[in-house]
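Only a predicted model underlies this, so the values are computations on that prediction, with no experimental measurement involved.
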Amino acid sequence: TPLFADGIVVKTKTPVVATNGDVICNFVSQQYLLRGLIGLSSVTGEQKYRRAAFEATDYVLENMVNATSGLIYWGPHVYWDLKTDGPRFDPHNSHELKHDFPYYEFLYEVNPQATTRFIESYWNAHVDLDDPWLMFGRHAHMERPGPRGKVKTGELAFTLSAADLFYAAGFLFSKTNDPLWRNRAVGLAERFARLRDPKTGLAPAILDAHDPTFDRQTHRLSLGHLGVTVRNLLIDYGRRSDSYALGQLYLAETLSGDSAARFREWALEDLVAYATYCYDEENRAFYEMRRTDTGERIAFSQMRVFPTHAAGHYFSYPMRFRGNRGLPLLFLAYARGYKLTNDKRLKETVEKCLDILDIEEGKPATLSGVADDSLKSDFAACLIQGLLDLYEADSDGWYVEAAQGVADDALGHFFNGDLFVDWPDEFPRSRLNQSLPLAMLRLYAVLNKSLVALPQDVGGYGMSATHPNDIS
């Protein structure tokens, strides 16, 4: 087949083989590869990269779609085994997207009918389309026909899954001009916007479908032992400042008129709230959750978890929250937000991020300010992309110089002269879905004053810290 394996063994240049013998192709985990190949053809004029991306995408849309559900075999619970040319499920046969932001522009170019059918099936499988609040579940059965029907109590609705849903709907509206898709994109994002606490502007990132009205203010941080009786998983309070905000900002650029303005305003509100309530001046650190829904600071000694989750997937003891995890991704969100809004509050937060990252005018920019446990190639890409966004916003050449310094340092850490890797000086395997090559292409185009159009880094899959909440 023309499909790509997810990884390459660096020494042998052969596909990575999983412990069960499968050769994994998870196409949703190859969207940065697609963007990089398209960008490489655009920069070099050599069309073999675009052809390879086209052939793989065409094969996926023709052969890797379940005939009953209309869903593509991809995501965190399903992949395609290249040895058998068939699907595998891990640990269950559920479809799920979480801030993956597929490269729909290219999928649509390859096969507009199949891409449209997938987005229709995606919404049909995950969202209760009869619910005025568009309640959804992050999981959908890969092999059941839609419509989904009522979302059951106990199912989780992640904001990161919501971002993928409104991202897909907004994209399809941009292509079809069908107001149904505009209304779905705006409507779902609006439901989450209405969950904000009126005092702080902060909102939860994981909802439990206890309440079919979905937008009531009872959904908030769970700190019952502090007298705050609200429903939400503790760790995810105030996490709408990175990938979720970037998804909103993408639609603010893609759409037009009132729809674009609303996505821009919602992203601005999320970013300003996080900068206001989740930054600790004394420690010079951003925390994913440091305050209650009334704005009061939460001490580390007060951190507790639900007994039902104490030893589960989301929590373990002891719990410790560390600041500035995934800071480069946060920086990218604020830099892009500033570029699109020119809001001085976002610029102030950008400057705080750069100060923590030890990137300042007059000294060579490097990755030295990135915490060791966050020093991965995708975060180097975040810094380069964010610095170039600032250059576009302010026309200050220093940002380009800083981006070049970060890129030079990143090459020393993540490139062996042949392949890119995720972590510094660790070269057993190369993951194909890296965002650093795309950032390098953008920097190359800027340095060479090229007007070539490159795919945008939306800020999706691969850009999160390995353990963004640092539960240890």
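- Minimum heavy-atom separation, A162 to F192: CB-CE1, 3.5 Å.
- D457 has no carboxylate O lying under 4.0 Å from a charged side-chain N of R442, or vice versa, which leaves the two without a salt bridge.
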Passes side-chain hydrogen bond (donor to acceptor under 3.5 Å, both in side chains), D6 versus Q30? Steps please. CA-CA 7 Å; D6 276 7; Q30 297 179 9; 2.7 Å; yes
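- Aromatic ring orientation, H139 versus H92: perpendicular (interplanar angle above 60°, classes split at 30° and 60°).
- Cation-pi check for R51 over F54 is not met; the charged atom does not lie both under 6.0 angstrom from the ring centroid and within 45 degrees of its normal.
- A donor-acceptor contact closer than 3.5 angstrom links the side chains of D22 and Y79.
- Residue F420 qualifies as enclosed at atom CZ: its count of foreign heavy atoms under 6.0 Å is above 12.
- Residues passing the salt bridge (Lys or Arg N to Asp or Glu O under 4.0 Å) test with R262 are E190, sequence neighbours excluded.
- Ring pair Y274/F286 is parallel by interplanar angle, where below 30° counts as parallel and above 60° as perpendicular.
- Ring geometry for F171 versus Y108: interplanar angle over 60°, hence perpendicular rather than tilted (30 to 60°).
- How far CG of D389 is from CG of L340: 7.5 Å, rounded to the nearest 0.5 Å.
- Pairing each heavy atom of F101 with each of V458, the nearest pair is CD1-CG1, 3.5 Å.
- In the model, Y167 has no side-chain atom that pairs as donor or acceptor with a side-chain atom of D100 under 3.5 Å.
- Relative orientation of the W181 and W123 rings is perpendicular, given thresholds of 30° and 60° on the angle between their planes.
- A donor atom on one side chain and an acceptor atom on the other are found under 3.5 Å apart for E62 and N111.
- In this pair, Y122 and F118 present their aromatic rings parallel. The plane angle is below 30°, not in the 30 to 60° band.
- In terms of heavy atoms, T68 sits closest to E143 at CG2-O, 3.7 Å.
- Here D378 pairs with R431 in a salt bridge; the nearest charged N to carboxylate O distance falls below 4.0 Å.
- In terms of heavy-atom proximity, G170 sits nearest to L255 at O-CD2, 3.6 Å.
- A distance of 11.5 Å separates OH of Y244 from CG of D164, quoted to the nearest 0.5 Å.
- Classification of the Y103-F106 ring pair by plane angle, with boundaries at 30° and 60°, yields parallel.
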